[in-house]
There are 2 protein chains.
Amino acid sequence: MFSKVLISDDLGSINQGVRTVLDGLGITNVTQVQYCDDAYLKIKSAYQNAEPFHLLITDLSFKSDHRAQRYASGEDLVKQLKQEYPDLKVIVYSVEDRLQKVRTLIQTHKADAYVCKGRNGLKEIDAAINTVYGGGIYISQQVEHALSSNSNLEINDYDIELLQQLSNGLSQDEISNFLKSNAIAPSSLSSVEKHLNKLRIQFKANNAIHLVAIVKDLGLI
Amino acid sequence: MFSKVLISDDLGSINQGVRTVLDGLGITNVTQVQYCDDAYLKIKSAYQNAEPFHLLITDLSFKSDHRAQRYASGEDLVKQLKQEYPDLKVIVYSVEDRLQKVRTLIQTHKADAYVCKGRNGLKEIDAAINTVYGGGIYISQQVEHALSSNSNLEINDYDIELLQQLSNGLSQDEISNFLKSNAIAPSSLSSVEKHLNKLRIQFKANNAIHLVAIVKDLGLI
DNA sequence: CAAAACCTTACGGAAATCCGTAAGGTCTTA
DNA sequence: TAAGACCTTACGGATTTCCGTAAGGTTTTG
């Protein structure tokens, strides 16, 4: 079993619950932090001292306060850590249950587990730790279809960018110019129209307003 | 000090933290529930047995699961309870920091405190309990300007309705027809345009898409 | 390689939006 | 009651979105 674990979560009370689970698994070398930057520094220095952490359990959303942070979210933290220390196992523990988030964390950033905070959260943390220790990937039941299903996986970063800019108030013409100046292809007004039209059909939206409302509800932007 | 308290929060681990605070205040008669409906029933039956709860500390968002619930959110719960039992003190304890939510809870539903979950959440819970016990209203610092300021309080139900329908994908023409068929005045296309234009200016939105994105972020719809 | 499939881009027209102006109605106030 | 403020409604034009069609380029496939 893991012997050295770091918990990162800005709500102290949740840390307590996770710690209880770790106790139950006989894991006593547990460190807690409340800021992403602290998590990064702890892991880095432990690694340099040849006493690396084996597992990180982290939340995604951290309330910002007066302390300026390099890593504003758990996602940024996971991304960086997994690049730098691929051997470090990472369990994400979040209330966030949007499929796109799960997908990004697991597939892109290579997190090892995604556990939704909820009534059974701590039980799932237990299961996740065991699965991850065995080299597996654990995903909460309520979001497990994020990976498998043939759901809206075919929307890509380009589409997200379009939707993002649209929701920022840019006209389609302005989006076209934005893409040109950022060397993103395709950039013609016609292409912007085509892609947004495709998205409208995909999400069964009546118009661009409806589309933005829908994807915001879905948490895609 | 309060002697009989109910905590309602679907994440067991958070309950633990709040319970610690209550312990520190010498409050030992504490009950916990994980569903809004349970909270309602407990309070109702305690009242009927002439042993009413004095204080409810509740979350707003509850994950839905297999159990069908009459009260889907903490907001519904607070609304109902405060109507039925005005003497019951209510502290809302939520990660939600949108001003409109705070306003509705405090002004419309008459909650006694609004505490944002965060790094200092438990300290604030402590302060809130003391303030509320003294008959006051407590609001977390980060959202306290929700009430005082002269902010966008002048947007009314009619505006919300327009924004709602707009985000549902109706064109302005369709909204006009919708208003006519529901006998809501004013209903002309021109008026719909005017009001939406006013809202665009108010929220500094470039266009209708931008407007919907903004008010969705603000939690107005 | 050639055909097919796909994508990008351009263009044009219908519809919707954005944004003035103006007329008429309602409410407030002196 | 009369003037003023405010609101609703109508209308017209500029701009933007919506939605086809078509030409040219790139990628896939046999």
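First the proteins, then the strands, lettered A, B, ... as listed; each starts at 1.
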- Query: With no hydrogens and no angle check, is any side-chain donor or acceptor of A:N207 less than 3.5 Å from a backbone partner on A:H210?
  - Reply: yes

- With A:S188 via side-chain hydrogen bond (donor to acceptor under 3.5 Å, both in side chains) - residues at least two apart: A:S191

- Item | Nearest-0.5 Å distance, CG of residue A:L162 to CG of residue A:L179 | 6.0 Å

- Message: So, using side-chain hydrogen bond (donor to acceptor under 3.5 Å, both in side chains) as the criterion, who are the partners of A:S176 when residues are at least two apart?
- Response: A:K180

For nucleotides 14-19 of chain D, which of its nitrogen or oxygen atoms have a protein nitrogen or oxygen under 3.5 Å away, and what is each distance?
residue : atom : partner : partner atom : Å
D:dT17  : OP1  : A:Q172  : N            : 3.1
D:dT17  : OP2  : A:Q172  : N            : 3.2
D:dC18  : OP1  : A:A208  : N            : 3.0
D:dC18  : OP2  : A:Q172  : OE1          : 3.2
D:dC18  : OP2  : A:R200  : NH1          : 3.1
D:dC19  : OP2  : A:R200  : NH2          : 3.2
D:dC19  : N4   : A:E193  : OE1          : 2.9

- Query: With sequence neighbours excluded, what pairs up with A:D217 under the side-chain hydrogen bond (donor to acceptor under 3.5 Å, both in side chains) test?
  - Reply: B:K216

- Say whether, by atom type as modelled, one donor and one acceptor occur between the side chain of A:T108 and the main chain of A:L105 under 3.5 angstrom. no

- Note on the structure: Contacts of B:E75 meeting side-chain hydrogen bond (donor to acceptor under 3.5 Å, both in side chains) (sequence neighbours excluded), chain-then-number -> B:K101, B:H109

Using a cutoff of under 3.5 Å, can you pull out all pairs of nitrogen or oxygen atoms linking the protein to nucleotides 4-6 of chain D, with atom names and distances?
none

For nucleotides 21-27 of chain C, give me every protein contact, N/O to N/O, under 3.5 Å, one pair per line with atom names.
residue : atom : partner : partner atom : Å
C:dT21  : O4   : B:K194  : NZ           : 3.2

- Query: Expressed in angstrom and rounded to an integer, what is the separation of A:N156 atom CG from C:dC7 atom P?
  - Reply: 11 Å

- Run the ring-centre check on A:Y133 versus A:F2 and record whether the distance is less than 6.0 Å. yes

- Are the side chain of A:D38 and the backbone N or O of A:Q34 linked by a donor-acceptor pair below 3.5 Å? no

- Non-neighbouring partners of A:A208 that pass side-chain contact (heavy atoms from CB on, under 4.5 Å), sequence neighbours left out: A:L166, B:I209

- Message: If you count every heavy atom of other residues, nucleotides or ligands that lies below 6.0 Å from B:D157 atom CG, does the total exceed 12?
- Response: no

- Message: Quick check on side-chain contact (heavy atoms from CB on, under 4.5 Å): which of A:I129, A:D112, A:V90 does A:L55 satisfy it with?
- Response: A:I129

- For B:K44, what residues pass the side-chain contact (heavy atoms from CB on, under 4.5 Å) criterion, not counting sequence neighbours? B:Y40, B:Q48, B:E84, B:Y85

- Cation-pi geometry met for B:R119 and A:Y35 (6.0 Å, 45°): yes

- Task: Please list residues of residues 174-182 of chain A whose heavy atoms come under 4.0 Å from any atom in DNA chain C, ordered by number; otherwise none.
- Result: none

- Is the distance from OP1 or OP2 of C:dC7 to the nearest side-chain N or O of A:H195 less than 4.0 Å? no

- For the helix from C:dC1-D:dG30 to C:dA30-D:dT1, measure the angle between the helix axis at one end and the axis at the other, each built from five pairs, rounding to 10°. 30°

- Message: Under the ring pair (Phe, Tyr, Trp, His ring centres under 6.0 Å) definition, can you give me all pairs with a residue in residues 166-196 of chain B, not counting sequence neighbours?
- Response: B:Y158-B:H195

